[in-house]
Structures are given as structure tokens and as C-alpha cells.
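Atom set for the values below is all heavy atoms of this structure, side chains included, hydrogens, waters and symmetry mates excluded. Sequence lines set the chain letters: A, B, ... in the order given, protein chains first and strands last, and positions in each chain run from 1. Remember, it's a predicted structure, so these values are computed and weren't measured experimentally.
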Amino acid sequence: MSILIEHISKTFGQFQALSPLSLDIQEGEMIGLLGPSGSGKTTLLRIIAGLEGADTGRIQFGDRDVTNLHVRDRRVGFVFQNYALFRHMTVADNVAFGLDVLPRKERPSPSEIKKRVMHLLDMVQLAHLANRFPSQLSGGQKQRIALARALATQPEVLLLDEPFGALDAKVRKELRRWLRGLHEELGFTSVFVTHDQEEALELSDRVVVMSNGYIEQVDKPGDLYASPNSRFVFDFLGNANVFEGKADQGKWLNQQASLQLPKGIEQQDGQLYVRSHEFFVSDAPTEQANLPLKVVAINPIGAEVRLELSPIGWQSKDIWEIDLPHKAFDQHGYEKGQTVFVTPKAGYFFADDLAQPTPLHW
Amino acid sequence: MSSKKQASSQLRVGDNPLVKWLLVGLTLFLTAILLVVPLIAIFQQAFVEGAAHYFNSLLEADTLHAIGLTLLVAALTVPVNLVFGVMLAWSVTRFEFPGRKLLMTLMDIPFAVSPVVAGLLYLLLYGNNGWIGAWLYEQDIQLMFAWPGIVMVTVFVTCPFVARELIPLMQQQGREDEEAAVILGASGWQLFRRVTLPNIKWALIYGVILTNARAVGEFGAVSVVSGNIRGETNTLPLHVQLQYEDYQAAAAFASASLLAFIALLTLLFKAFIEWRQERQEATL
Ligand SMILES: Nc1ncnc2c1ncn2[C@@H]1O[C@H](COP(=O)(O)OP(=O)(O)OP(=O)(O)O)[C@@H](O)[C@H]1O
Ligand SMILES: [Mg+2]
């Protein structure tokens, strides 16, 4: 079922949690709401579910206007961040709940309910735990039971609030794949909240980036990464290093550091955003760039080695982070305290008076 | 690490065995003379003229009536305050509304105010010359100096117990379980019966026990509105006092022993429930 969100806004007392925002979700799509803490993700999700009323705007499921429809009648599946399993019911009773409370006319027979519950438990691969209580389950198991419970009534819309937030990295990854598979198999429309960019990029068909109650950008994961449309999205998605430059005679200057403007770029002050893997590292300045930095930490992270660098003789708000393949790192053998020079290969330029970036290549 | 900890714990203030045993001993001694001895004394005094006299005095018509009235008052008070307490706790923990904080404060009035004052207030309002009572009197309805008045003040005095037990628990549990149930399609009643009630069950029973204990034992407020009509408006606590003033000490203690017995049962039940709750929390 498609979901149409139009000019939805919400205030709590004086606080504007959501500024009027609109979003069009296609049938069968998987949407990730991504943003920092307090950006309004949960609020938006709860408004879609009907747990919270919006101050303005309307919501439509398919052709049905559900703005004033009670939660109970919206028939969405909802998975809470900390699962909210009924602690005094067994796993099987938890999963059966949505069926048990159906009006008598619609309710399947007890044996049918039992069959459906077992099927759902099989689907989440936890049939052997049917008679346990929630307190006897691990976090990942609880999560899957919560999903099975939400899916029992076969909702066409599934909403998940940080579904994997409380789990360790490995279980998260497993559950992520599993949810993706389930989504493809059952074809429901789903919206999930996360503040983990990797999760959002891996799982979503489209990612909605939120900050301060606004939607910053809605895009496919690839497009979002390739063309972030604001400083915020860049910061949030990108392990980007920022060079604050004053334009002067074909160069950006920052105290003793300098960087050549690429060809065809207008002379303007602004910030240059360069992702952590878009650099050469060398022992001396290059023709293109004179960016001296001191190595303050060396962290091997998976397939790469991350150098943490602090500027020498120029200013940067944050420590710079640069990722090198192990091979390149081993060949050179950088050490803590050493001075290195970096040269960007590609980046994005935000002119001081513009919100939109210009992609750069040298 | 652990040996270091032990070494430092030896230096802790109050760990001196002399101080420790002095404190423990004193506490035990005070508990004994303040709590245990009087309790034993009640039973001892009740039986001072023999078991036969004990049972005879309990079977006296006035005593039986007092027992009956006390049970009636408790039987009416407990359900009223059960429902009221759940409503109150539900309102203040599940809804936001203006005056919510004020309501939580007002709720404690029966604890804060002396029961005698409560009794007087009810007399003022509902007595035959009172604001509401005068009108009721014209309708031939008498509340004060009759059992309905006793029930009313008892309800007043015991009304915070259930809510006080429920509110912290319901606040701590939050509303997520209930939201989950509603999203799954539960109606208001299904939600309450299948999700809320099981979650608060033990606290609720605990509140009921406290309410019952207080309802059975209430003296001050009841004595103001009852009028002390022997065999008519005397509850057990009032009856104990009347008997004692009539120099029927053994009979008074026999009646008192019933109250003490109920108190002991209450404690036993309370201990059981606390044990249950602890076990439940341990498995969460
Ligand atoms: N019931 C409420 N009353 C008052 N303020 C609220 C309420 N719910 C949320 N807020 C505020 O609205 C803002 C958005 O909250 P929301 O829970 O939607 O954030 P979020 O993006 O889900 O954050 P997180 O990642 O930390 O869960 C926050 O600043 C929060 O303090
Ligand atoms: Mg949230």
C-alpha cells in the first residue's frame, strides 16, 4: 500500500518537532528515516501509525485518507525500539495477540490461529521457543518475535523504530538481511527509523534524511552518496573532511595551507568537503595542494587503515580522517607524530552563500 | 582487587562488631517492646478469663453485629476504591491534561489530613443540618449516624492506597505495551484486561490489601460519623473501645484480637506478594 504524507507538522508545547513536511512512499517500498537524535524520526513514524496526532496535514494509505482514523483501524504493523513484548504472555501468545483480539466475525478459529502462529514462528526461525516468556529470550530473538507479532495480522504497512538499535553488530547485519528478504517475499510497504547510515544505505530503497524536524533529502542510497544536496547531508553521511578556504589568485587559502582551484571553477570563498578515501598522501606538498598534517592516530578498520590527522599551520574544526588501503599504508609505513601532506582527488564545494554544492575533480 | 576491597571495607565506619551488635540489639529490643509484646499481650489478655469466655464474648450479639458491619464496610469500600484507584492511576499516568500534577497532590489529602477532620467534614456536609444532608433529610435519606456514612468516610480515608501503589509501577512500565496492543487492534476493554491488568496485577492486589486493612481498622473518621449506636452503627474498632470503657477488658481484648488477627493475615499476604513481585522482577 502506498503512503502519502502531506504537510505534516507537529509541535510539543512550544517545540516544533516536525516542520510541515511531505513524502510520497510507493507501494512495496522500503524507506529508511535517517537523522541524528532528536530530528523527529520517531515522531514522524508515530504519526504515520496514528499513535500521535499531527497538528496539520494529512496522511493517505492507498486511496484511503487515514488522517482521522484511529490507530486501531489503521491496521499497520509496528515494531517498537525496545520490542514492547507482553511480558506475561508466552511467545506464541504474543504472536497470536493480533488475531485473538479480532472481532468474532473476522477471527480465525483457535486451531487456525495456532497454525498461523506456528507458521510465523517458523518464518522467524524461532518455533522452538513458542512456550518461552519474553524475559527468557535474547535481544535478537525478542526482535524477531516482535516482527512476527507485527506481521501476524498481515498488515500492508510495517513501521519499525530503530529495529536493530539495541543489538550487536553481527546480529544486526544478520537481521538486516533477513528483514530485507522478508520484505521482498511478503511485499509490504515499510518505513524504518535508524541513525546508522550504513543500515539506512544498505536496507532502504530510498533514504529520507532528517534534521531538526525537516526533511533534508530523499534519494536512493547511491544517489544520496553521490550527490548530497546540503552540508548537513554531507556531514551526516560522509566521513568528510572540511577545508575552509578563502579564494585568492586561483587558490583556496587557509593560513599557511593552500589548495589549487580545479579548472573551470569560479573564484569564491567557501568550504570544500572531501571524503576520507579521496586523497593521496605524500611526504611533501604537491603542485596542487599544500596541506600539512600531523599523524595523531592510526586505526586499522576492516579493509582500510584510518589515519587521524591534525592540521599544521592552518585551521580545521575537526580532526581529519583519511582512509588508506592496507597495501598503500604498508608500503609507506606512517607513524604517529609524523608530518604528511595530503592532496584531494575529488570533492564538493559549498560556496559561502549557497546551499547547493558543486562537485570538483582535479 | 577483591583483597583490596576487603581491606578497605574493614575500615568502614560502623563495621566495628561492638557498634554493629549494639545497634542490632537495640533495634531488636525496641521492636520487641514496641511491636511484638503488645501483639502478644492482646492475645494473652483476650484469653485471661479462659477460652470459653473468649468465644462467648465474641458470640455476643453486639460483637457479632460489629463484626458484620466491619466486614460490610470493607466489602463496599474495597471495590469502590479498587475501581477508583485504577481510574485515577490510569488517568494520571496515561494522559496529559491540565491539572494533572494538582490531581496527584490532591490525591494525598486523605493521608495528610487527620481522619477525625475528615469525619467532621462529612458530618458538616451530609449531617441532617448539613448543606447536602438537609436536602437528603427531606428526601428521607439519612447518611450520617448510619452505615452509609461509615462507608463514605472509610472510602475517603482509604482512597489513595490503590492509586499510590499503581502510579509508580505504571509510570515505570510506560505506555508502550498498551500502544502495541492498540496497534494490533485491541479494543479498550481487551487492552485493559489482557495487557494492563496482568502488568499491574500484583501491585493492585497489594493496594487492595492495604485498603482492606485500613478499612477494617479505621477508628477516627468512623467514630465521628457513626454516632456509636451499639448493635447498629458500631464497627469493630469502635466496639473495642466501648467494651473497654464498660470495664469488659477481656471482651474488649477478644474483639481486639480479631483486629490483630486480620493485621497478621495482612502482613502475611503482603510478604507473599512482595516475594512474588521480587520473583517476577527477577525473571524480567
Ligand atoms: N511527547 C513529547 N513531548 C515533548 N517533546 C517531545 C515528545 N516526543 C518527542 N519530543 C521532542 O521532539 C523531538 C523529536 O523527537 P523524536 O523522538 O521524534 O526524535 P528521534 O529523531 O526519534 O530521536 P532519536 O534518534 O533520539 O530517537 C525531540 O526534541 C523530543 O525531545
Ligand atoms: Mg526515536
For atom CZ of B:Phe261, decide whether the heavy atoms of other residues, nucleotides or ligands shown that lie under 6.0 angstrom number more than 12. no
Distance col, row A:Leu51:CG vs B:Glu178:CD, nearest 0.5 angstrom, shows 12.0 Å
Bottom line for A:Leu99: the part with an atom under 4.5 Å from chain B's heavy atoms is neither
Looking only at heavy atoms, the pair that brings B:Asn199 and A:Arg87 closest together is OD1-NE, 3.5 Å
Exercise. Heavy-atom count around A:Asp55 CG within 6.0 Å, excluding the residue itself: above 12?
Worked result: yes
For A:His88 and B:Arg194 the tightest heavy-atom approach is NE2-O, 2.9 Å
| Taking atom CZ of B:Phe192 as the centre, does the number of heavy atoms from other residues, nucleotides or ligands within less than 6.0 Å exceed 12? | yes
If you count every heavy atom of other residues, nucleotides or ligands that lies below 6.0 Å from B:Arg193 atom CZ, does the total exceed 12? no
Among residues 62-83 of chain A, residues within the sub-4.5 Å heavy-atom range of chain B, in order of number, are A:His70, A:Val71, A:Arg72, A:Val76, A:Phe78, A:Phe80, A:Asn82
Closest heavy-atom pair, B:Ile183 versus A:Ala49, reported as atoms and distance to 0.1 Å, is CD1-CB, 4.5 Å
Does B:Phe269, at its CZ atom, have more than 12 non-hydrogen atoms belonging to other residues, nucleotides or ligands within less than 6.0 Å? no
